[in-house]
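Notes to accompany the following structure.
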Amino acid sequence: MTDPKETINIENVVASTGIGQELDLQSVAMDLEGADYDPEQFPGLVYRTQNPKSAALIFRSGKIVCTGAKSTEDVHESLRIVFDKLRELDIKVEDEPEIVVQNIVTSADLGHQLNLNAIAIGLGLENIEYEPEQFPGLVYRLDGPEVVALLFGSGKLVITGGKEPEDAEKAVDKIVSRLEELGLLE
Amino acid sequence: RLRKWQERIRTKDAGERNLQFALSEIDRMASALGVPRSVREVASVIYRRALKEDLIRGRSIEGVATSCLYAACRKEGIPRSLEEVAEVSRVDQKEIGRTYRYVAQELSLEMEPVDPKQFVPRFASELDLNEETIAKANEIIDISAEQGLLSGKSPTGFAAAAIYAASLLCNEKKTQREVADVAQVTEVTIRNRYQEQIEAMGFE
DNA sequence: ATATTACTTTTTAAAGC
DNA sequence: GCTTTAAAAAGTAATAT
């Protein structure tokens, strides 16, 4: 039997950082190719990297949010590209700005179909949210690790809110053991 | 001091007026939906609890009132879909849905998932179906749900498909469009659920 | 009638309304 | 609260072919 932990796949990593320098987004938007800047709609400038694929939101304060990367390593690589692009525009950027991972979104597969109705009752209606009229997934908030899991009838799930890959592994372990003791896995 | 006293009264009056408004709105929407008095009473009780727990701050009175009515219908076993409730409310479906989830969570209403069978009597009545067809629809829902087909599916779509299937099996055919219209789902959804249910029933 | 596109949920930072 | 960005899950819906 395949360990559900081995089916874990990181789908998105969100991180924040800053260049320690205020920016004139209007001029950055003019000089940076492919930059999307519409201050009326959103205060951040959007810059997309191709390899690795990601989207960086650059703010007036110099703070930057990177999203869409598939790994922590890709986050660093993407931001290195963004930093270099800014340096090309003669903007001073610290040598190695601190990068903080804020959220990791993961998907996994429990390998069995799930009876969400039974699971809702089993985990306790006060601990879950399951409104199939609004969304097909059952929302399960874990205590430790502090993440949120979305369970689907197919047995696949999404784990989000974690700060490191280990959070997803711990979450899958907890979910599997809880469902097993409830006799709701298979 | 006199000023504070007046302010308290003003606040109290405003609060009282808001409560009256909420309760009259619940009454108006309940009438429009044609639900019994017991549902309005349950909705009122939930609304007063929400008020007591200060859940209305930052939300519209109408939104919370509508959500309480939606929850009350479910609690009483005669659910209305969010779309149906939204039709008689001036708050949009999306806000009703999220406000309902917030209220249900904060008040620990422990709402159980809606049983598709609870929609059958009303939908069947609107379609003028026989008792036999109704019984068949309920049977289809029970059997296919037991086989795990219900997970993640909308209860109205599930009920609509079962009613459509039952109408065929009991020689009282209704078109997908007729059933789709009363259940307020698309024909595509009925078609998809219908295929799975027929297979689960061992027909095909 | 089927295929695409798009929206529903969750998470998270950023600045400003 | 909202606005924007990314991503998965599966269901539903609107539109295109």
Side-chain angles (χ1 to χ4, degrees), chain A residues 7-18 22-23 25 36-49 52-71 74-75 78 99-110 113-114 116 129-142 146-163 167-168, chain B residues 57-60 63 81-83 93-95 97-99 101-102 150-158 160 176 180 184-193 196:
Chain A
T7 68
I8 293 176
N9 190 25
I10 294 177
E11 306 289 354
N12 183 23
V13 178
V14 180
S16 60
T17 185
E22 290 247 338
L23 291 169
L25 295 184
D36 287 340
Y37 182 48
D38 185 358
E40 304 280 340
Q41 192 173 67
F42 188 68
L45 179 154
V46 181
Y47 180 72
R48 293 177 169 78
T49 63
K53 197 172 120 188
S54 77
L57 306 179
I58 304 172
F59 297 87
R60 177 197 49 75
S61 63
K63 291 191 175 180
I64 300 173
V65 171
C66 178
T67 181
K70 292 284 184 191
S71 69
D74 281 356
V75 167
S78 291
I99 295 171
V100 180
V101 172
Q102 304 286 357
N103 181 29
I104 295 180
V105 182
T106 294
S107 65
D109 192 347
L110 296 179
Q113 298 267 311
L114 301 176
L116 298 182
E129 243 186 325
Y130 177 47
E131 292 293 332
E133 188 185 344
Q134 300 187 56
F135 185 68
L138 183 153
V139 182
Y140 184 36
R141 292 185 156 77
L142 294 270
E146 216 168 288
V147 299
V148 173
L150 306 178
L151 307 179
F152 297 86
S154 63
K156 293 192 176 176
L157 66 155
V158 170
I159 293 168
T160 184
K163 303 271 189 206
D167 289 336
Chain B
R57 185 171 297 175
R59 260 162 276 271
S60 72
S81 66
L82 281 173
E83 189 174 344
Q93 190 177 324
K94 192 173 170 183
E95 195 192 326
R98 76 160 59 117
T99 302
R101 288 189 326 246
Y102 175 72
L150 182 55
S151 287
K153 270 81 164 200
S154 104
T156 46
F158 207 82
Q176 293 181 358
Q184 293 183 292
V185 296
T186 63
E187 293 166 271
V188 177
T189 295
I190 290 186
R191 228 172 278 136
N192 292 336
R193 296 305 134 249
E196 300 170 351

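Treat the numbers as computed from the prediction; the structure is a model and nothing was measured. In the text below, chain A, chain B and the rest are named by the order of the sequence lines, each starting its count at 1.
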Of all heavy-atom pairs between [X] and [Y], which one has the smallest distance, and what is that distance?
X	Y	result
Gly152(B)	Leu116(A)	N-CD1, 3.9 Å
Ser81(B)	Gln184(B)	OG-OE1, 4.2 Å
Val13(A)	Lys70(A)	CG2-C, 4.2 Å
Leu157(A)	Phe152(A)	CA-CD1, 4.3 Å
Glu11(A)	Ser107(A)	OE2-OG, 2.6 Å
Val185(B)	Ala160(B)	CG2-CB, 4.0 Å

Min side-chain heavy-atom separation [X]-[Y] under 4.5 Å:
X	Y	result
Ile99(A)	Val75(A)	yes
Leu150(B)	Phe158(B)	yes
Asn103(A)	Val105(A)	yes
Tyr37(A)	Tyr47(A)	no
Lys153(B)	Glu196(B)	yes
Ile10(A)	Ile104(A)	yes
Thr186(B)	Thr189(B)	yes
Arg141(A)	Glu129(A)	yes

Using a 3.5 Å cut-off and no angle test, enumerate the donor-acceptor pairs between side-chain atoms of residues 61-68 of chain A and protein atoms at least two apart in sequence or in another chain.
from	atom 1	to	atom 2	distance (Å)
Ser61(A)	OG	Lys63(A)	N	3.3

**Q.** Gln102(A) and Ser16(A): side chain donor to acceptor below 3.5 Å
**A.**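 Side chains of Gln102(A) and Ser16(A): pair found under 3.5 Å.
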Q: Scan side-chain atoms only and decide if Gln134(A) and Arg101(B) contain a donor-acceptor pair under the 3.5 Å cut-off.
A: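 On atom types as modelled, these side chains qualify, holding a pair under 3.5 Å.
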Counting just side-chain N and O atoms, does [X] come under 4.0 Å of either OP1 or OP2 of [N]?
X	N	result
Lys53(A)	dA7(D)	yes
Ser107(A)	dA9(D)	no
Arg48(A)	dT4(D)	no

Q) Between Gly68(A) and Gln41(A), who's closer to the 5' end of DNA chain D by nearest nucleotide? A)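 Taking each residue's closest nucleotide, the earlier one in sequence belongs to Gln41(A).
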Q: Go through residues 146-156 of chain A and report each residue with a non-hydrogen atom lying under 4.0 Å from DNA chain D, sorted by number.
A: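 Contacts with DNA chain D under 4.0 Å: Leu150(A), Phe152(A), Ser154(A), Lys156(A).
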Q) Going by number, which of residues 54-67 of chain A have a non-hydrogen atom under 4.0 Å from DNA chain D? A)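 Residues of residues 54-67 of chain A under 4.0 Å from DNA chain D: Ala55(A), Leu57(A), Thr67(A).
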If you check every side-chain atom of [X], which of [options] has the closest atom?
X	options	result
Phe135(A)	dT9(C), dT10(C), dT2(C)	dT9(C)
Pro43(A)	dT9(C), dG16(C), dA13(C)	dG16(C)
Arg193(B)	dG11(D), dA6(D), dT11(C)	dG11(D)
Arg141(A)	dA8(D), dT10(C), dG11(D)	dT10(C)

Could you state the atom-to-atom distance from [atom1] of [X] to [atom2] of [N] in whole Å?
X	N	atom1	atom2	answer
Glu40(A)	dG16(C)	CD	C1'	12 Å
Asp167(A)	dT12(C)	CG	P	11 Å
Asp36(A)	dT3(D)	CG	C1'	15 Å
Ile159(A)	dA6(D)	CD1	P	23 Å
Tyr102(B)	dT10(C)	OH	C1'	18 Å
Leu82(B)	dT12(D)	CG	P	14 Å
Leu138(A)	dG11(D)	CG	P	14 Å
Asn12(A)	dT4(D)	CG	P	17 Å

Q. Can you tell me how far P in dA9(D) sits from the matching atom in dT2(C), rounded to whole Å?
A.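 Pairwise P distance, dA9(D) against dT2(C), rounds to 24 Å.
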(Q) Considering every strand and a 4.0 Å limit on heavy-atom distances, what is the contact class for Gly161(A): base, sugar-phosphate, or nothing? (A)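 The answer is sugar-phosphate, as Gly161(A) gets under 4.0 Å only of primed atoms, P, OP1 or OP2.
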Q) If you look at every strand shown and take non-hydrogen atoms under 4.0 Å, does Gly152(B) touch a base, only sugar-phosphate, or nothing? A)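 Here Gly152(B) touches the backbone only, sparing every base.
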Q.
For dT10(C), does the base pair up with any side-chain atom of Thr160(A) as donor and acceptor (N or O, under 3.5 Å, distance only)?
A.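 Check fails, no donor-acceptor contact within cut-off.
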For nucleotides 13-17 of chain D, give me every protein contact, N/O to N/O, under 3.5 Å, one pair per line with atom names.
from	atom 1	to	atom 2	distance (Å)
dA13(D)	OP2	Thr186(B)	N	3.2
dA13(D)	OP2	Thr186(B)	OG1	3.1
dA13(D)	OP2	Thr189(B)	OG1	2.7

**Q.** Pairing pattern in dot-bracket form [Watson-Crick, G-U; both distances under 3.5 Å; | = partner strand] for DNA chain D
**A.** ||||||||.||||||||
Between the protein and nucleotides 4-6 of chain C, which nitrogen or oxygen pairs come in under 3.5 angstrom?
none

(Q) Evaluate Arg48(A) against Asp36(A) for salt bridge (Lys or Arg N to Asp or Glu O under 4.0 Å), listing each step before the verdict. (A) CA-CA 9 Å; Arg48(A) 293 177 169 78; Asp36(A) 287 340; 3.2 Å; yes
